[in-house]
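In what follows, every heavy atom counts, from backbone to side chain, and hydrogens, waters and symmetry copies are set aside. Numbering of ligands and ligand atoms starts at 1, following listing order.
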Amino acid sequence: MEKNLNFIDHDYIYSVIEKAKQATHTDIELILDKAENHSGLSHEEVAVLFEIKDNTQKERLYSIAHKLKEDIYGNRIVVFAPLYVSDYCVNNCVYCGYKRDNEFPRKKLTREAIQNEVRLLEKMGHKRIALEAGEDPVNCGIDYILDAIDAVYSTKFENGAIRRINVNIAATTVENYKKLKDADIGTYILFQETYHKPTYEAMHPKSLKGNYEYHLNAFSRAMEAGIDDVGAGVLFGLSDYKFEVIALMLHNEYLEKTKGVGFHTISVPRMKKAEGMSLEQFPNLIDDDDFRKIIATIRLAVPFTGIILSTRESAELRREVIKYGVSQISAGSSADVGGYSEREEGKTANQFQLADHRTPLEILKELLDEDYVPSYCTACYRMGRTGDRFMELAKSGNIQNVCGPNALMTLMEYALDYGDKEIIEKVEKVISREIPKIKREDIKTLTLKNIELIKQGKRDLYI
Ligand code: SAM
């Protein structure tokens, strides 16, 4: 059993922030030079980049972030949607609409209701979801979550199928993580919310979630249980963002040291208005400019880690910050239990306010117009490319030989199944542009052959 360790030394982080303030223009340039070579950055270097003040250096930060993303991920953007299954919650998180003090009729989806939601997600073209739930060991225990996962994987509608379920549920035991692993989940996602312990405790009063060390060590337990891919995040707005990002980096370094691999993804949720709270309660909210800086700096620091951006942000801001290193976005999301079915009936309710309400088809068309390749690929985890095996492939650049072709194939599959004439034409153009970029001749030929097979209705041809 792992001990509950606190490897986030607060005084040390304050000293790193203070020391960074002495960095010169040249110190910053040298760190940017290092980042440009895909070398990643230490948490001390991250702290220095947060001291960038002049606009030319800021622009350089953004352009390196953009270049790193292109070099490592190409122009692919993975698309997914959340699926909320239960809003029962025993916690009282100050910032959250699901807090137990908020009185509203709580819901948890029956197997049939989950299948309805999944059919609607599949109708939008989704292949990858993030399963979300409040924390309630009685009303929403691990057996309920396992049933929900089974309901999702077994629901097939026309050509639709959810092929990867990432799971975002409360920190739990090694035993329960083993059950999630056996249920074939993709990434286990958990946001630390804040690494700042006094803030963490103030934000989770008299709550199961209030044990900082237990929450902090959740990924170590998940990895001990055999889950290879873990997805981190902090809720930006709770505490000083410099402290949070440095702590995130320390957490990543800690997992690399103790488990051989760090975060698979990092999410960057930003605080939004929710029921039972007001944004004025939070003195550390971050503006758009800091948000851009955070995303770009994370991209430089951990070039091989996915960055996930949700529909909490507006279409306009998403359009911009995708350039600074985002690799996955949600689309067409509802952040409410049964939200996809309710939307069909014209109702809306959410755990917190969303800002990008476009359909996946609208988002995909725009991504294609901006020369991105939206991807519904889920092959990595099904082919065993997880954890350190994924990271090795990513670091050697060989990931391009699989992700690029798979993105094109899943995109064609999407366009034929859920698109219109306009998107099919756009996808054909992207395919002609992208195929010549595939370096290995055998893979180029296989990709073209598989795209032809997809047009004939064949599925699951990924490499
Ligand atoms: N109950 C699980 C847990 O405790 O980890 C899952 C969490 S919840 C379904 C998903 C995430 O929504 C939370 O981790 C939190 O970061 C985020 N969230 C909660 N309230 C929010 C708000 N007002 N604005 C933005 N994000 C919020």
- Query: Going by the order shown, which atoms of ligand 1 are within less than 4.0 Å of some heavy atom of Ala274?
  - Reply: 23 (N)
- Item | Sub-4.5 Å side-chain heavy-atom contact between Val261 and Met223 | yes
- Message: Counting only heavy atoms closer than 4.0 Å, does ligand 1 sit against the backbone of Tyr95, its side chain, both, or neither?
- Response: both
- Taking only heavy atoms of Asn168, which atoms of ligand 1 are found under 4.0 Å from at least one of them? 6 (C), 10 (C)
- Note on the structure: Nearest non-hydrogen contact to atom 9 (C) of ligand 1 from the set Glu193, Lys99, Glu132, Gln192 belongs to Glu132
- Query: Under a 4.5 Å cut-off applied to non-hydrogen side-chain atoms, are Leu32 and Leu61 in contact?
  - Reply: yes
- Kindly determine whether Lys127 and Tyr414 satisfy side-chain contact (heavy atoms from CB on, under 4.5 Å), including the steps that lead there. CA-CA 10 Å; Lys127 301 283 185 266; Tyr414 170 88; over 6 Å; no
- Closest approach of any protein heavy atom to atom 8 (S) of ligand 1, naming residue and atom: Gln351 NE2, 3.5 Å
- Under 4.0 Å from one or more heavy atoms of Met277, ligand 1 contributes atoms 23 (N)
- Message: As an exercise, identify every atom of ligand 1 less than 4.0 angstrom from a heavy atom of Leu190.
- Response: 5 (O)
- Item | Residue pair Ser341 / Glu117, side-chain heavy-atom distance below 4.5 Å | yes
- Task: Using distance alone, with no hydrogens and no angle criterion, decide if Asn91 and Glu135 have a side-chain donor and acceptor under 3.5 Å apart.
- Result: yes
- Item | Close side-chain approach of Pro374 and Val79, heavy atoms under 4.5 Å | yes
- Would you say ligand 1 has an N or O under 3.5 Å from any N or O of Ala133? yes
- Applying salt bridge (Lys or Arg N to Asp or Glu O under 4.0 Å) between Glu51 and each of Lys19, Lys242, Lys21, Lys293, report the one that passes. Lys242
- Have a look at ligand 1 and work out which part of Lys273, if any, has a heavy atom under 4.0 Å from it: side chain, backbone, both or neither. neither
- Note on the structure: Of Arg312, Gln353, His215, the residue with the heavy atom nearest atom 26 (N) of ligand 1 is Arg312
- Task: For ligand 1, note which part of Ala171 has a heavy atom under 4.0 Å away: side chain, backbone, both or neither.
- Result: neither
- Item | Heavy-atom nearest neighbour in the protein, as seen from atom 21 (C) of ligand 1, with distance rounded to 0.1 Å | Phe352 CD2, 3.5 Å
- Task: Taking only heavy atoms of Lys209 into account, list the atoms of ligand 1 that are under 4.0 Å away from them.
- Result: 3 (C), 4 (O), 5 (O)
- Task: State whether a side-chain donor-acceptor pair under 3.5 Å links Tyr195 with His251.
- Result: yes
- Message: Just to check, does Pro269 reach to within less than 4.0 Å of ligand 1 when the distance is taken from its heavy atoms?
- Response: no
- Check: Gln328/Thr265 side-chain N/O donor and acceptor closer than 3.5 Å: no
- Item | Sub-4.0 Å heavy-atom approach of Arg270 to ligand 1 | yes
- Quick one: is the NZ or CZ of Lys108 closer than 6.0 Å to the six-membered ring centre of Tyr144, and within 45° of its axis? yes
- Item | For atom 24 (N) of ligand 1, closest protein heavy-atom neighbour | Lys272 N, 3.0 Å
